[in-house]
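In what follows, a structure is listed as structure tokens, so that the remarks can point back to it.
We number each residue from 1, following the sequence as shown.
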Amino acid sequence: MDCPKFPIEFSRNGFKKLTQGSHEYYSQLLTIIIRTEPQTFPMTPRLGVYDPAFGRIDKSAFILNASKFVPEIVVQTINTDYDERTGDIKVSFSFSIKE
């Protein structure tokens, strides 16, 4: 999973603002949901998914967060992989933007 770059991405050439409503924009919103622990933000305490370091990622919590906080999209898949060599948990997802 790439580091979030929302709403702007910095590079050697300056910065690039993500276009609201683009696939990359929503991908970053969903990445933020996965990387945020619940209770982190007082105004939205239910935003986020608990860290899967000692268990599995709660896929239903991710889908519920996506439908509540990013209603413009529909999550189609969410997959997790555990890399035994590095100990990393990799999360991938796919979604479609509602018309």
Side-chain contact test, heavy atoms from C-beta onward, threshold under 4.5 Å: evaluate it for [X] versus [Y] and give yes or no.
| X | Y | answer |
| --- | --- | --- |
| Y50 | D58 | no |
| V91 | F62 | no |
| R46 | P38 | no |
| T80 | K90 | no |
| N65 | K68 | no |
| V75 | I73 | yes |
| I89 | D81 | no |

Do side-chain atoms of T19 reach the backbone of S22 as a donor and acceptor pair under 3.5 angstrom?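 No.
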Answer yes if I97 and I78 sit in the same cluster of Ile, Leu, Val, Met, Phe, Trp and Tyr residues linked by side chain heavy atoms under 4.5 Å apart, and no otherwise.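 Yes; I78 is reachable from I97 via cluster members.
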Residues forming a side-chain hydrogen bond (donor to acceptor under 3.5 Å, both in side chains) with S92, sequence neighbours excluded: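 side-chain hydrogen bond (donor to acceptor under 3.5 Å, both in side chains) check on S92 returns nothing, list empty.
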Mind checking what makes side-chain hydrogen bond (donor to acceptor under 3.5 Å, both in side chains) contact with N79, not counting sequence neighbours?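 Counting only residues at least two positions away or on another chain, N79 forms no side-chain hydrogen bond (donor to acceptor under 3.5 Å, both in side chains).
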Which residues pass the ring pair (Phe, Tyr, Trp, His ring centres under 6.0 Å) test with F95, sequence neighbours left out?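 Once residues adjacent in sequence are excluded, the partners of F95 under the ring pair (Phe, Tyr, Trp, His ring centres under 6.0 Å) criterion are H23.
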Assess whether atom CD of Q20 is packed by more than 12 heavy atoms of other residues, nucleotides or ligands within 6.0 Å.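 Open.
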